[in-house]
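Quick caveat, the model's predicted, so the values are computed rather than measured. Per chain, numbering begins at 1; letters A, B, ... match sequence-line order.
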There are 2 protein chains.
Amino acid sequence: MDDQVVQWDTRADCDVRKILDRVADKWSLLVIALLDRRTMRFSELRRAIDGVSQRMLTVTLRQLERDGLVTRTVYPVVPPRVEYELTALGFSLHEVIKSLVVWTEEHQREISDARTAYDERTTEEERLLQAPMAR
Amino acid sequence: MDDQVVQWDTRADCDVRKILDRVADKWSLLVIALLDRRTMRFSELRRAIDGVSQRMLTVTLRQLERDGLVTRTVYPVVPPRVEYELTALGFSLHEVIKSLVVWTEEHQREISDARTAYDERTTEEERLLQAPMAR
DNA sequence: CAGAATCCGGCGAGATACTG
DNA sequence: CAGTATCTCGCCGGATTCTG
């Protein structure tokens, strides 16, 4: 019986869970995905990631820096110039995340089709429930 | 000039972004990671994922079902028995996510070390700022 | 330009109670 | 057992203002 169940950790406060929560973060994911090799400035990232607020980008970048995934380089010029770059660790994560992005691009059609089908099934059921006394 | 920047979409409301938000969801990630081949019952998933509330597990499973990633099978017995299983699409995502989990396991040490180092640097700086007039 | 600090409103998510 | 339904609170995150 090759009952090979991968049953990893499980506790909410284990390291893997805590790190996954970070990695699975909406903005973190996008930053890591965008920072490909080259360095990027703060405002450049801000423009590249539509919808991110200044505050959330700052917070996200600080977390990533703390996790050792990006480096933050401040150039003492005026106006200030701050550049962000993936560390080696960050780049190894980048590659994993990139495969996730690629997966999403490849299957977005199947997913939106599934959503449409599901919604139609659901609204159809609701329609039937609306008039259960019919006939 | 091989300025090969992968610059994918960018808009907050594009399909890839919307799907990534779902995929990058904390509970979704864990459910997909846990559902490996075999089917699992609701309560089984609930026990396996420490910290998830009944409500959030229900919501998460509904979303995954809507996205065509899991199937939901209700057995009309009493007490009710509901089983969840990955679809083919869901399993292909499972493999990507699994590589993410593996990455996390392999690098959790580096990350926690980086966090410790960062925190020490930070508190040290704060300590210096606390007594700038010293001497 | 790249933040830090502050304020605050919405809603995500937990707790609880009820049901087929 | 596997959900719904409802209420409520916390805090996430946006908007704004102020610096080096």
Report yes if some heavy atom in the side chain of [X] is under 4.5 Å from a heavy atom in the side chain of [Y]; otherwise report no.
X	Y	answer
Glu95(B)	Ser99(B)	no
Arg72(A)	Val82(A)	yes
Leu86(B)	Arg37(B)	no
Leu89(B)	His107(A)	yes

**OP:** Under the salt bridge (charged side-chain N to carboxylate O under 4.0 Å, His left out) rule, what do Asp113(A) and Arg109(A) come out as? Steps first, then yes or no, please.
**Re:** CA-CA 6 Å; Asp113(A) 286 353; Arg109(A) 190 51 178 277; 3.5 Å; yes

Note: chain B reaches DNA chain D at heavy-atom distances under 4.0 Å over the stretch, first to last nt, 5' to 3', of dC1(D) to dT4(D)

- request: Could you tell me whether a side-chain N or O of Arg17(B) sits under 3.5 Å from a main-chain N or O of Asp50(A), the two making a donor and an acceptor?
  value: yes

### Message
Any side-chain to backbone donor/acceptor pair from Ser28(B) onto Val23(B)? Under 3.5 Å, distance only.
### Response
no

Arg41(A) near the nucleic acid: base, sugar-phosphate alone, or nothing, with a heavy-atom cut-off under 4.0 Å?
sugar-phosphate

What pairs of donor and acceptor atoms, side-chain ones from residues 52-65 of chain B against any protein atom, are under 3.5 angstrom apart with sequence neighbours left out?
{"residue": "Ser53(B)", "atom": "OG", "partner": "Met56(B)", "partner atom": "N", "Å": "3.2"}
{"residue": "Thr58(B)", "atom": "OG1", "partner": "Gln54(B)", "partner atom": "O", "Å": "2.9"}
{"residue": "Thr60(B)", "atom": "OG1", "partner": "Met56(B)", "partner atom": "O", "Å": "2.7"}

Joining Ile, Leu, Val, Met, Phe, Trp and Tyr whenever any side-chain heavy atoms lie under 4.5 Å apart, the cluster holding Tyr75(A) also takes in Val77(A)

One should read off an interatomic distance between Leu93(B) CG and Arg22(B) CZ, to the nearest 0.5 angstrom, of 12.0 Å

Practice task
Taking only Lys NZ, Arg NE, NH1 and NH2, and the carboxylate oxygens of Asp or Glu, determine whether Arg38(B) and Glu44(B) approach each other closer than 4.0 Å.
Solution key: yes

The answer to which of Val52(A) and Ser43(B) contacts DNA chain D further toward the 5' end, by nearest nucleotide, is Ser43(B)

Between Asp25(A) and Gln54(A), whichever has its closest DNA chain D nucleotide further toward 5' is Asp25(A)

Is it true that the NZ or CZ of Arg41(A) lies under 6.0 Å from the centre of Tyr84(A)'s six-membered ring and within 45 degrees of the ring axis?
no

Would you check, one step at a time, whether the test salt bridge (charged side-chain N to carboxylate O under 4.0 Å, His left out) holds for Asp119(A) with Arg66(B)?
CA-CA 8 Å; Asp119(A) 291 346; Arg66(B) 177 170 180 259; 2.9 Å; yes

Nt span of DNA chain C in reach of chain B heavy atoms at under 4.0 Å, 5' end first, is dA13(C) to dG20(C)

So, with a heavy-atom separation below 4.0 Å from DNA chain C, the residues of residues 67-87 of chain B are Pro80(B)

Terminal axes of the helix from dC1(C)-dG20(D) to dG20(C)-dC1(D) (5 end pairs apiece), angle rounded to 10 degrees, sit apart by 50°

